[in-house]
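Chain letters run A, B, ... following the sequence lines, proteins first, then strands; residues in each count from 1. What you see is a predicted model; the values in this text were computed from it and never measured.
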2 protein chains.
Amino acid sequence: MPKPTFLNLPPDKRRRFVDAALNEFALHDYRAASVGRIVDAVGIAKGSVYQYFDGKLDLYRYLVDLAAETKFRHIDAARAGDAPDFFSQVRQAAFHGARFDFGEPRHASLLYHATYEPSTPETLEVSSRLRAASHAYLRGLVDAGIARGDLRPDLDRDMTVYVIYQQIVALRDFLTDRFGFSFQDAVHAGAGLPIREEELGAVLDELIAVLRHGLAPG
Amino acid sequence: MPKPTFLNLPPDKRRRFVDAALNEFALHDYRAASVGRIVDAVGIAKGSVYQYFDGKLDLYRYLVDLAAETKFRHIDAARAGDAPDFFSQVRQAAFHGARFDFGEPRHASLLYHATYEPSTPETLEVSSRLRAASHAYLRGLVDAGIARGDLRPDLDRDMTVYVIYQQIVALRDFLTDRFGFSFQDAVHAGAGLPIREEELGAVLDELIAVLRHGLAPG
DNA sequence: GGCGATTATGACCGAGCGGTCATGTGACTG
DNA sequence: CAGTCACATGACCGCTCGGTCATAATCGCC
């Protein structure tokens, strides 16, 4: 948890600090991220960081929570009421999730790193909470989907959640490959990534079709 | 590439060194892995490592190649001639791949880390080669599967490879959750992980069924 | 203006890292 | 026995890291 000093910061200074920290943790995983580089980028003294947070881990936790909350809120806000069935819902969530990722590459890369963070004792709790939140969200969709008859009733629900989750997370890698994007470059440039909504939609249509009907013909 | 000195090593000593190095890179990702801990575990001087390899990266490359080769050979060797269609082939490869992972948790964890290694300039080439090899293998299966009529002919082949690849890689996480395994503990204990082949088979049947027919009813 | 509380600072610390290299050791050769 | 060569060694180097703390600057209030 941030210390009171951090919360009392002038909004502009706080924003600049969060920006720089986001940048650092987007470019490097937890262990490789450097407090020194953050303070250099912001132009403050190293000691200040420890007036704001208990330490590097505390700062990391704050940023991951912030990014996750922001992204979830974005997805929720964009959710129209017109997604009646399971596959439309997944498509919609994936679509707006990907749009968020391309628009906010720093948040996206931070969350990406947090997802694949090697499970050290320090960072395990952060990664677990992040994964658990995504799984819980999908689990709700899957349960409702089965109840509604959108999904086969005999599905292994945990496995279904895993399958969907993996595909959504891997979407970043796939789009990166297909369109030649580089999140690293985008973070460095401080800019968003260009993505044509029709192209993203086409990819998602294909992916959802595979999830719905499988790979076999007929 | 290992230096000649390494290749001239007495087999027992070489084996002990490789074991310790495998352990270290299975427990930590590239950056966090420590040459000092390896030499402590083996009981040799730090300088010796630099008589064997050009540096940490060279050692890492050697280990990843070794583990990948070993695993691929294992999968290939276990491949019976009786997998006539695409889905049987994927099932068989995933089955023997998982068996290998559980039997050799150090190799498995090393490859897992290498797969998700944050793409620093140093390690990028190693991770890319590893991913490329898996993708090429699956791409061959997919192409043949489409030609044979096992798969819908209008599939996006790259995406199909991605979907399959992600599911196979994620299998480790799913099995870990479901059966309460810990690869970290197994590496520490230096032992393999127990897995009942019927349980693994059941999970794979379910997963392949989803890939084949999708999540929708009917 | 003055005073107590809050915040900013950066030199400093101990630890760990990858990597080096002068020196030592031992085994084989002629 | 002397000489050569491959190999082993660990003290040492330069660097970066997270984190600390005495001190200084700044702010808010009366």
Looking across every strand, which nucleic acid part, if any, lies under 4.0 Å from [X] by heavy atom: base, sugar-phosphate, or nothing?
{"X": "B:Arg37", "result": "sugar-phosphate"}
{"X": "B:Lys3", "result": "nothing"}
{"X": "A:Phe53", "result": "nothing"}
{"X": "A:Ala32", "result": "nothing"}

If the plane angle is over 60° it's perpendicular, under 30° parallel, otherwise tilted; pick one for [X] and [Y].
{"X": "B:Phe25", "Y": "B:Tyr30", "answer": "parallel"}
{"X": "A:Phe53", "Y": "A:Tyr62", "answer": "tilted"}
{"X": "A:Phe181", "Y": "A:Phe179", "answer": "tilted"}
{"X": "B:Phe17", "Y": "B:Phe6", "answer": "perpendicular"}

Contact string for nucleotides 21-29 of chain C, one letter per nucleotide 5' to 3', B = base within protein heavy-atom range under 4.0 Å, S = sugar-phosphate only, - = neither, reads B--------
With ring pair (Phe, Tyr, Trp, His ring centres under 6.0 Å) as the criterion, how do A:His135 and A:Tyr165 come out once you've worked through the C-alpha distance, each side chain's angles and the decisive distance to 0.1 Å?
CA-CA 7 Å; A:His135 278 213; A:Tyr165 175 73; 4.6 Å; yes
Rounded to the nearest 0.5 Å, how far does [atom2] of [Y] lie from [atom1] of [X]?
{"X": "B:Leu171", "Y": "B:Leu200", "atom1": "CG", "atom2": "CG", "value": "7.0 Å"}
{"X": "B:Asp29", "Y": "A:Arg31", "atom1": "CG", "atom2": "CZ", "value": "7.5 Å"}
{"X": "B:Ile38", "Y": "B:Lys46", "atom1": "CD1", "atom2": "NZ", "value": "11.0 Å"}

Rounded to the Å, how far apart are [X] [atom1] and [N] [atom2]?
{"X": "B:Glu122", "N": "C:dC17", "atom1": "CD", "atom2": "C1'", "value": "13 Å"}
{"X": "A:Leu7", "N": "C:dT7", "atom1": "CG", "atom2": "P", "value": "10 Å"}
{"X": "B:Lys46", "N": "C:dG18", "atom1": "NZ", "atom2": "P", "value": "6 Å"}
{"X": "A:Ile38", "N": "C:dT9", "atom1": "CD1", "atom2": "P", "value": "15 Å"}

Chain B reaches DNA chain D, atoms under 4.0 Å from its heavy atoms, from D:dC7 to D:dG10
Q. Is the closest side-chain heavy-atom distance between B:Val210 and A:Thr160 below 4.5 Å?
A. no
message = If you go through the side-chain atoms of B:Lys56, does one of them form a donor-acceptor pair with the base of C:dG19 closer than 3.5 Å?
response = no
